[in-house]
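Note sheet for the following structure.
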Amino acid sequence: MATPSHHQNPTNPTRKKKTLKNPVANFLYELHSCSKSKDLKAAISLYESAISNETRLNQDHFNTLLYLCSTFATDPYSKDLALQYGFRVSDHMMSLNIRPNEASVTAIARLAEAKGDGDYAFEIVKTLGDYQVPPRLRTYEPALFCFCQKLEADKAYEVEEDINIMGLSLEEPQIAALLKLSADTGREERVYNYLHKLRRSVRWISDETGKILEDWFLCKTCEIGSEGAKYDVDSVKEAILMNGGGWHGLGWIGEGKWVVRKGNVESNGRCCSCGEQLDCVDIGDVETEKFALSVAGLAMEREVKANFREFQDWLEKNANYEAIVDGANIGLYQQNFADGGFSVIQLDAVVKEMYTRTGNKWPLVILHNKRVRALLENPSSRKMVEEWMANGILYTTPHGANDDWYWLYAAVKLRCLLVTNDEMRDHIFELLGNSFFLKWKERHQVRYTFLKGTLKLQMPLTYSIFIQESEKGSWHVPIVGNSDEETSRTWLCITRPGACEDGSKTCEIDNGPCCKSPISEEGENRSHEKSDDKSTSMTGKRKDRSP
């Protein structure tokens, strides 16, 4: 008779031993349970028991304890207990020579922030360099926020400098904290710089950040920018042009107190509060050139270099197009791909509509030579294609080429409109970053639909929903909204008082500044009326930009 195996014997001591949980693993499991249920006292009790039982603690144990303590360090009822045990756990970890990781350091820095010790919070972040562990933005936040709250400006700026050295980018919460600190300590040039950091980092701001700006511009002593007259009008306009519109970056312009209003912006980009026209913001000249070089570089890695260089040379000699058309994307729109359907009628409709919209200038259609040959062989489409060729509309890409690189490069290089429904997701992460590419697409991409055969183009907005600085020195700041309708979005309109602010004079703008009441020093807005001007304009190529 065969001897029973261990698995069949419930009383076997080996089996019993396997079912026992390892004390170290059991301790971690119970700690995680405390973390999930946010039970600090139970976690501390487990920690004390582990020490009494001489349980061997590892980094996971310490990190979980530190996380819990740092979480409760902001709770008024648990703060003292959390700080007491948080630093005790930290010291215990260091005494065992357990290397902290980024999570450990972030939790310890948060404990230091709760204690009001920004110096230690910053000091502990610097220790990560000894372990070749890169910090994250959240690792710096405790020191930065602590210094900002205590108005220790120079120390806060030092933290920001370290963040920059590490190649990290500030986001709205950190910029807002530095903005408030600079405003509270009267550092007007810093306020100006952080406004531009905010402009580069976010499309619109939160209500909390908006309140910081209101308080700064409504400050009784805030008559900043008295030296603004040193910038002549032409130099400011040139700076805005070079930057792609929407900002000049030369410093505060104008004199006197600021007038702050809350209002809306019409669909044509006209501010309902001051009557000023907002810009359609593009990437700047330097960025555009880098973008074009990047596209060309990537294209030549994937395409036959001689073919793409030939296209570049051709484009240099034929650079007067106002729009580029992605021929394949339009011709194949809503067609039967299985049957190889291609609608030359759709493509021709787009070509003619763009001709009209760009002041009777033909767009450039990019289309693969295989597709062009097929169209020329078809009697029903031959005449139309021959007309395109005669008008210099068509560029045929060679065998084996990817059309995408050609039309994207042409649109970037010529700084013109691009008609396509392609979201270009394949290119985004290979180029200059998501936010950069999105800004370019918003300014240049024309989308389309065909409803029952009728073409409808979705042109770029006539203005951009970004923080904008005008050549007059005014600021327009969009605030995050709950509505899908952009005309319902609230904007901060920040201007200097002009002639029409004088009650003895009549405002030349219908429903302009004289028709609006500014936000009072208590922050109240008295009027949100909209203008009735519904005119629209079309954005096209910036012809007067330097090459």
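When reading the values below, keep in mind they use all heavy atoms of this one structure, side chains included, and skip hydrogens, waters and symmetry mates.
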Discussion item. Can you tell me how far apart CD1 (I494) and CH2 (W216) are? Round to the nearest 0.5 Å.
Written reply: 11.5 Å
Item to complete: Side-chain contact test, heavy atoms from C-beta onward, threshold under 4.5 Å: evaluate it for L367 versus L375 and give yes or no.
Response: yes
Worksheet entry | Student check: side-chain heavy atoms of K413 and E289 closer than 4.5 Å | yes
Worksheet item: So how far is it from L137 CG to S169 OG, rounded to the nearest 0.5 Å?
Response: 8.5 Å
Item to complete: Output yes when a side-chain donor or acceptor of S182 lies under 3.5 Å from a complementary backbone atom of L178, and no otherwise.
Response: yes
Fill in: Shortest non-hydrogen contact from Q277 toward N268
NE2-O, 2.6 Å
Practice prompt. State whether K317 and D313 are salt-bridged, where the test is any N-O pair (Lys NZ or Arg NE/NH1/NH2 against Asp/Glu carboxylate O) under 4.0 Å.
Written response: no
Practice prompt. Decide yes or no for L417 and Q445: does some side-chain heavy atom of the first lie under 4.5 Å from some side-chain heavy atom of the second?
Written response: no
Worksheet item: Would R443 and C280 satisfy side chain to side chain contact (heavy atoms under 4.5 Å, CB included), going step by step from the backbone distance to the final call?
Response: CA-CA 7 Å; R443 171 64 178 83; C280 190; 3.2 Å; yes
Worksheet item: Any ion pair linking K211 and D215 (charged N to carboxylate O, less than 4.0 Å)?
Response: yes
Item to complete: Answer whether the closest heavy-atom distance between the side chains of M424 and W407 falls below 4.5 Å.
Response: yes
Worksheet entry | Where L168 and R136 come nearest, the two heavy atoms and their spacing | CD1-C, 3.7 Å
Fill in: Exam field: side chain E303 to backbone N402, donor-acceptor pair closer than 3.5 Å
yes
Discussion item. Any heavy-atom pair between the side chains of W491 and P478 that's under 4.5 Å?
Written reply: yes
Practice prompt. Begin from the C-alpha positions of Q312 and M300 and carry the test side chain to side chain contact (heavy atoms under 4.5 Å, CB included) through to its verdict.
Written response: CA-CA 11 Å; Q312 288 180 292; M300 283 192 282; 4.0 Å; yes
Discussion item. For A328, is there any backbone N or O sitting under 3.5 Å from a side-chain donor or acceptor partner on R371?
Written reply: no
Worksheet entry | Gap between atom CG of L394 and atom CG of N369 - 0.5 Å precision | 10.5 Å
Discussion item. On a heavy-atom basis, which atom in F450 and which in A349 lie closest, and how many Å separate them?
Written reply: CE2-CB, 4.2 Å
Discussion item. Please check this pair: side chain of D279 against backbone of G246, looking for a donor-acceptor N/O pair closer than 3.5 Å.
Written reply: yes
Worksheet item: Do E471 side-chain atoms and V233 backbone N/O form a donor-acceptor pair below 3.5 Å?
Response: no
Worksheet item: Distance only, no hydrogens: is a donor on one side chain within 3.5 Å (strictly under) of an acceptor on the other, for E172 and S206?
Response: yes
Worksheet entry | E442 and R203 ion-paired at < 4.0 Å | yes
Worksheet item: Which atom names give the shortest non-hydrogen contact between E171 and Q174, and what distance separates them?
Response: N-OE1, 2.7 Å
Worksheet item: Is the closest basic N to carboxylate O distance between R373 and E377 below 4.0 Å?
Response: no
Practice prompt. Check whether any side-chain N or O of E276 sits under 3.5 Å from a backbone N or O of C272 as a donor-acceptor pair, and report yes or no.
Written response: no
Worksheet item: Parallel, tilted or perpendicular for H196 and Y192, by the 30°/60° rule?
Response: perpendicular
Worksheet item: Passes side chain to side chain contact (heavy atoms under 4.5 Å, CB included), M389 versus V372? Steps please.
Response: CA-CA 11 Å; M389 290 177 168; V372 173; 3.8 Å; yes
Practice prompt. Determine yes or no for a side-chain-to-main-chain donor-acceptor pair under 3.5 angstrom, with T397 supplying the side chain and I366 the backbone.
Written response: no
Discussion item. Are N320 and K361 packed together at the side-chain level, in the sense that at least one heavy-atom pair is separated by less than 4.5 angstrom?
Written reply: no
Worksheet item: If you measure from the Lys or Arg side-chain nitrogens to the Asp or Glu carboxylate oxygens, is any gap between E423 and R447 under 4.0 Å?
Response: yes
Worksheet item: With ring centroids as reference points, do W475 and W247 lie under 6.0 angstrom apart?
Response: no
Worksheet item: Are T420 and D326 linked by a side-chain donor-acceptor pair shorter than 3.5 Å?
Response: yes
Worksheet item: Is any side-chain heavy atom of T490 closer than 4.5 Å to a side-chain heavy atom of D207?
Response: no
Worksheet item: Can you check side-chain hydrogen bond (donor to acceptor under 3.5 Å, both in side chains) on H399 and N307, steps first, answer last?
Response: CA-CA 10 Å; H399 175 74; N307 290 341; over 6 Å; no
Worksheet item: Does the pair E102/R138 count as a salt bridge with the N-to-O cut at 4.0 Å?
Response: yes
Practice prompt. Could you tell me how the ring of W314 sits relative to the ring of Y395: parallel (under 30°), tilted (30 to 60°) or perpendicular (over 60°)?
Written response: tilted
Discussion item. When you compare the side chain of N164 with that of E160, does any pair of heavy atoms fall below 4.5 Å?
Written reply: yes
Fill in: Distance under 6.0 Å and angle within 45° of ring axis: R190 vs Y157
yes
Worksheet, complete the sentence: What one should report as the nearest heavy-atom pair of L181 and A156 is CD2-CB, 3.5 Å
Worksheet item: If you measure from CG on L492 to CD on E214, what distance do you get to the nearest 0.5 Å?
Response: 5.0 Å
Item to complete: Would you check if the side chain of N329 reaches a backbone N or O of N421 as a donor-acceptor pair within less than 3.5 Å?
Response: yes
Worksheet item: Side chains of Y448 and Q346: is there a donor and an acceptor less than 3.5 Å apart?
Response: no
Worksheet item: Do NZ/NE/NH1/NH2 and the carboxylate oxygens of R415 and E322 come within less than 4.0 Å?
Response: no
Discussion item. Would you compute the distance between atom CG of N264 and atom CD of E266 and round it to the nearest 0.5 angstrom?
Written reply: 9.0 Å
Discussion item. Could you check whether atom CD of E310 has more than 12 heavy atoms from other residues, nucleotides or ligands sitting under 6.0 Å from it?
Written reply: no
Discussion item. Counting only heavy atoms not in L376 (residues, nucleotides, ligands), do more than 12 fall under 6.0 Å from its CG?
Written reply: yes
Fill in: Side chain N378, main chain A374, donor-acceptor under 3.5 Å
no
Fill in: Separation of L364 CG from I324 CD1 (nearest 0.5 Å)
4.5 Å
Discussion item. Closer than 3.5 angstrom, by distance alone: can the side chain of N243 be matched with the main-chain N or O of A239 as a donor-acceptor pair?
Written reply: yes
Worksheet item: Do W405 and F308 have their ring centres less than 6.0 Å from each other?
Response: no
Discussion item. Tell me the closest heavy-atom pair linking H476 and C271, and the distance in Å.
Written reply: NE2-SG, 3.5 Å
